[in-house]
Number of protein chains: 2
Amino acid sequence: MKKISPNTINRVLLYLRVLEDLIKDKRYLVSSGDISRFTGVSDVQIRKDISSFGKVGTPRIGYRTIELKKVLKDFILQCDVVRIVLFGVGNLGKAILKYPGFNKDRIKVVAAFDRLGSRINKKINSVIVYPVERAPEVIKRLRADIGIIAVPKKSAQGVADIMVLSGLRGIVNFSPCPINVPKSVMVKDIDLTIEFLSLCCSIKA
Amino acid sequence: MKKISPNTINRVLLYLRVLEDLIKDKRYLVSSGDISRFTGVSDVQIRKDISSFGKVGTPRIGYRTIELKKVLKDFILQCDVVRIVLFGVGNLGKAILKYPGFNKDRIKVVAAFDRLGSRINKKINSVIVYPVERAPEVIKRLRADIGIIAVPKKSAQGVADIMVLSGLRGIVNFSPCPINVPKSVMVKDIDLTIEFLSLCCSIKA
DNA sequence: AAGTAATCGTTCTAAATTTCACGATTGAAA
DNA sequence: TTTCAATCGTGAAATTTAGAACGATTACTT
């Protein structure tokens, strides 16, 4: 089997979301053109992405939603639940803890960490906030997969080091600075400032 | 002059941030290798990006930070202030209103909108929350450039329509569904669920 | 004054991604 | 039964992007 690029994974996840909505609406057939309208991805791209997982469509008809969902999930989502830990329970961290979109996609924040005494040992949305020092132990016990950095810039690298030591293999970094980690650890940067400035530049151009 | 790709714009914005930090530290020279260490972008890529704006470096020395900053800013066409409006003052919306990274980059949230009566006419971080109905008027008066969608999925398209009508030309969409807008309006989707699932898939692979 | 080391800038090469074009297949209609 | 329209799947072309190699330039050193 070929390897799947991150871009492809993103698109397939979009398709999966559309498929789940369609199935919920009791629609059992869908064409690549339909998915294109729902996602903005071109129909050719969609067919190519899907075809890399095998021949699951029928000409003149399209794809059977339930079957396609199963096929995509098998290839993409091996884990049943994604266990996440959060570093930094400030405004952004709290918003993530309360983010409603995670539940139905089986994303679960299993623990949070902070340095500030006033935040520790509280529960937010039924997630316990631990002191940072306990991170390695808690992360291993709860078998977390991914960590979120939602701390101020100057603490970001330190938190990243703790994450790597604790055995996390994926990091979503909301802090406005790049972090250094072994390349076996995947990092996804989400820099809000850059996003806005970039969009602004694209507009003026 | 060639056109600048969105990827390049993102990288250049990273360089600019580094340059501003350096200038603040009174460092007036920097090499592509230095910038590489600060940003994680390869030095070759950095030189290539910069060289597309002209010859501004000196061999054996590197780049003069102040000059380079000026050159990059001129080509990126950075407006002095980016004016943003926010739709949806829930947990995520509040976190954005309080996000500390915006100030020094001259990103300014100039107004917020919500449907919920209990949130309206309050001030959060000195930003007034208006009822959605007043959006077109307020947006035009404050000359906003970009809008943020931080409302539940089912309201996203409606809010997007209002944004387009109000004359916004860029949208950052935090809702977990694609929105339909004229292609003159730039959209940046930030779908937290997809980000986490995608990272999870990349890890397992 | 000449050699040397560091760094820029450019050209070429390679790789990945997207788009295009077209054949293949299927169900429906005449 | 034959034709037809819709849709899938794929191989090739085109575009974009990243990477590598290398010459050119500059300042420092001896």
Side-chain angles (χ1 to χ4, degrees), chain A residues 1-15 18-19 22 27-72 75 178 183 189 198 202 205, chain B residues 1-15 18-19 22 27-72 75 183 198 202 205:
Chain A
M1 175 190 15
K2 319 163 199 171
K3 84 177 207 297
I4 311 170
S5 82
N7 279 3
T8 307
I9 291 179
N10 276 12
R11 287 195 300 269
V12 168
L13 290 168
L14 274 180
Y15 310 156
V18 168
L19 288 172
L22 288 172
R27 280 194 51 185
Y28 299 113
L29 288 174
V30 68
S31 71
S32 57
D34 295 334
I35 303 180
S36 176
R37 275 181 293 280
F38 289 129
T39 61
V41 180
S42 81
D43 58 340
V44 183
Q45 183 75 68
I46 291 169
R47 287 202 299 279
K48 183 163 284 191
D49 285 337
I50 293 175
S51 76
S52 66
F53 302 130
K55 299 190 181 184
V56 294
T58 46
R60 176 71 204 241
I61 291 298
Y63 302 93
R64 283 184 285 281
T65 51
I66 295 177
E67 180 192 5
L68 181 56
K69 173 185 162 187
K70 182 171 175 348
V71 169
L72 295 185
F75 272 86
K183 56 178 178 304
D189 291 299
S198 173
S202 302
Chain B
M1 175 190 18
K2 317 161 197 170
K3 84 176 204 299
I4 310 170
S5 82
N7 279 2
T8 307
I9 290 180
N10 277 13
R11 286 194 301 267
V12 169
L13 289 169
L14 276 179
Y15 309 156
V18 169
L19 288 172
L22 288 173
R27 280 196 51 185
Y28 298 115
L29 288 174
V30 68
S31 71
S32 58
D34 295 334
I35 304 181
S36 175
R37 274 182 292 281
F38 288 130
T39 61
V41 181
S42 81
D43 58 338
V44 182
Q45 183 73 63
I46 291 169
R47 287 202 299 279
K48 184 171 287 185
D49 285 335
I50 293 176
S51 75
S52 66
F53 303 130
K55 300 192 182 184
V56 294
T58 47
R60 178 70 203 241
I61 291 297
Y63 302 94
R64 282 185 286 280
T65 51
I66 295 177
E67 179 191 7
L68 181 56
K69 173 185 164 186
K70 182 172 174 348
V71 169
L72 295 184
F75 272 85
K183 57 177 176 303
S198 172
S202 302

Taking the side chain from A:Asp49 and the backbone from A:Ile46, do they hold a donor-acceptor pair closer than 3.5 Å? no
Separation of D:dA20 P from B:Asp43 CG (nearest whole Å): 10 Å
With sequence neighbours left out, write down each residue that passes side chain to side chain donor-acceptor pair (under 3.5 Å) with B:Thr65, or none if nothing qualifies. none
Indicate, with a heavy-atom threshold strictly under 4.0 Å, whether A:Val56 touches base, sugar-phosphate, or nothing. sugar-phosphate
For A:Tyr63 and D:dG9, is the shortest distance between a side-chain N/O and OP1 or OP2 below 4.0 Å? yes
Protein-proximity profile, nucleotides 18-30 of chain C, B/S/- by nucleotide at the 4.0 Å heavy-atom cutoff, equals SBB----BBB---
Flag, side chain of A:Thr58 to backbone of A:Gly62, donor-acceptor distance under 3.5 Å: yes
Atom CG of A:Asn10 and atom C1' of C:dT17: how far apart are they, to the nearest Å? 14 Å
Shortest non-hydrogen contact from A:Ser202 to B:Ile9? OG-CD1, 4.2 Å
Most 5' of A:Ser5 and B:Ile50 on DNA chain C, judged by nearest nucleotide: B:Ile50
Can you find a pair of side-chain heavy atoms, one from B:Ile66 and one from B:Lys69, that are under 4.5 Å apart? no
Please state how far atom CG in B:Asp49 lies from atom P in C:dT10, giving the value in whole angstrom units. 13 Å
Starting at CD1 of B:Ile46 and ending at P of C:dC8, how long is that distance when rounded to a whole Å? 9 Å
To the nearest Å, how far apart are A:Arg37 CZ and D:dT7 C1'? 12 Å
Between NZ of A:Lys55 and C1' of D:dT10 the distance, given in whole Å, is 9 Å
Counting only side-chain nitrogens and oxygens, does B:Ser51 get under 4.0 Å of the OP1 or OP2 atom of C:dT10? yes
Please identify each residue that fulfils side chain to side chain donor-acceptor pair (under 3.5 Å) with B:Ser32, with sequence neighbours left out. B:Arg47
Length of the line joining A:Ile35:CD1 and D:dT7:P, which is rounded to integer Å: 12 Å
To the nearest angstrom, the CD1-C1' distance between A:Ile4 and C:dT17 comes to 16 Å
So, applying ring-ring contact (aromatic ring centres under 6.0 Å, His included) with A:Phe53, which one of A:Tyr63, A:Phe75, A:Tyr15 is it? A:Phe75
